[in-house]
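Take a look at the structure below.
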Amino acid sequence: MPPITNLETTYIPGFENPMTTFTIDPSASSNSEGGWDNMQIINSAGNGYGAFATNMGDIAKKIPSKPSLKKSCEKCRKRPDQNGKGYSHCSSCKIAVYCSRDCQTSHWKVHKALCHARVKHLKIEQGLKDQAVANNGPFISQATLRKWYYDNVDIVDYAIVQLLELYKGRTHSLWRTHAAIFCLGGSTEGICDSSSEIDFDDGEAVSFTTLARKDHLDLSPIYVRTLGQGSNIILIFIYNNEADMMLIDSHDLPADEEWATMEKDEMWRMHIRMRPMARMMLEEEKDSTEEP
């Protein structure tokens, strides 16, 4: 396909977003074959972002795949093999994990309050689900939101780098003062029992001070500290902009060697949103060319 050149933005009086212009020369050769892999994409300038040119192949490969998340030990923070089975769960809340019986036993005094709160919430959740069934209203459990988080940890990790500006380094990024909020979308009616029905809509970084305000999420600072604020990244997943369909969780900081590899990506939202489509199109094209 011919290359895209002269990608420029021009600000027009009276318009908030600039006009994006570019050149495609059909007579020029990009020295590449056609197909979806080399299909070129233009993301026009606007909303604080510059114009950006890429192709379907690069979008499909931009965010490396990762296996479903296996959480670290709640006590010693030891990280399990992400390609393995992970650590054993607390038998009560079934969320906290421990690498050994010693870690679980010694951590009980710390975990006890959060564990009881999680078990209590399960009963509240069941009541909300029954109400949704009776009224054909929307409902999603925290377990389903958590599964989406674990299964999509590759895009979660990528978004965290951008939202909390981790590419600025451990000291100058926002992870100590802000939470990363993920706005997720799905059906507005009925019960959502499958994480595969959930889509990423958007994300933002919001300060813990703002989150504690009653006109916002009214998030208890004590609860946030219980999750490890100051030593862990705090994530909030909100489904269909409904505060009562929300998951708050902690997330490990990057390993020491990972900080230096991070970079800013102004088009991170586009890379996340278009990734499934780009991968599907490339996979279908590959399958079609392999057919006899």
CG of L253 to NE2 of H251, rounded to nearest 0.5 Å, is 9.0 Å
Establish, from distance only, whether the side-chain atoms of S207 and T209 form a donor-acceptor pair under 3.5 Å. no
Is there a chain of hydrophobic side chains (I, L, V, M, F, W, Y, each step under 4.5 Å between heavy atoms) that links M270 to M277? yes
Do C93 and K120 pass the side chain to side chain contact (heavy atoms under 4.5 Å, CB included) test, and can you show the C-alpha distance, the side-chain angles, and the key distance before you say yes or no? CA-CA 9 Å; C93 70; K120 182 179 180 180; over 6 Å; no
In this structure, are over 12 heavy atoms from other groups packed under 6.0 Å from Q126 atom CD? yes
H271 and side-chain hydrogen bond (donor to acceptor under 3.5 Å, both in side chains): which single residue from D265, D58, T54 fits? D265
Could you tell me if the side chain of L219 sits less than 4.5 Å from the side chain of V224, heavy atoms only? yes
OH/Y167 to NZ/K264 distance, rounded to the nearest 0.5 angstrom? 4.5 Å
Could you check if a side-chain atom of Q82 sits within less than 4.5 angstrom of a side-chain atom of K66, using non-hydrogen atoms only? no
Run the side chain to side chain contact (heavy atoms under 4.5 Å, CB included) test on I95 and L114 for me, step by step, so that the C-alpha distance in whole Å, both residues' side-chain angles and the decisive distance to 0.1 Å come before the verdict. CA-CA 10 Å; I95 297 172; L114 182 59; over 6 Å; no
Quick check for you: to the nearest 0.5 Å, what is the distance between S173 atom OG and L164 atom CG? 7.5 Å
Rounded to the nearest 0.5 Å, how far does CE of M245 lie from CD of Q142? 12.0 Å
Greater than 12 external heavy atoms within 6.0 Å of K147's NZ: no
Cluster overlap V156 with V161, hydrophobic side-chain contacts below 4.5 Å: yes
Can you classify the ring geometry of H111 versus W108 as parallel (below 30°), tilted (30 to 60°) or perpendicular (above 60°)? perpendicular
What do you reckon, is CD1 of I124 surrounded by more than 12 foreign heavy atoms closer than 6.0 Å? yes
Between F208 and H178, ring centroids under 6.0 Å: no
Between the side chain of E242 and the main-chain N/O of Y239, is any donor-acceptor distance below 3.5 Å? no
If you group Ile, Leu, Val, Met, Phe, Trp and Tyr by side-chain heavy-atom gaps below 4.5 Å, do I160 and F237 land in one group? yes
Taking side chain to side chain donor-acceptor pair (under 3.5 Å) as the definition, give me every residue that meets it alongside S92, ordered by chain and number, with sequence neighbours left out. none
Assess the pair Y87 and Y98: is the distance between their ring centroids shorter than 6.0 Å? no
Between A179 and I236, what is the shortest heavy-atom contact and its length? CB-CD1, 4.2 Å
If hydrophobic clusters are built by linking Ile, Leu, Val, Met, Phe, Trp and Tyr wherever their side-chain heavy atoms come under 4.5 Å apart, do Y149 and F200 end up in the same one? yes
Side-chain heavy atoms nearer than 4.5 Å, only ILVMFWY residues, links allowed to pass through others: does that put V153 and L247 together? yes
S106 and K75: side chain to side chain contact (heavy atoms under 4.5 Å, CB included), yes or no, with the steps? CA-CA 8 Å; S106 61; K75 170 64 178 178; 3.6 Å; yes
Would you say that F139 contacts E125 through its side chain, given a criterion of any heavy-atom pair below 4.5 Å between the two side chains? yes
Which atom names give the shortest non-hydrogen contact between D154 and I63, and what distance separates them? O-CG2, 3.7 Å
Does one side chain, of S231 or R225, offer a donor that lies under 3.5 Å from an acceptor on the other? no
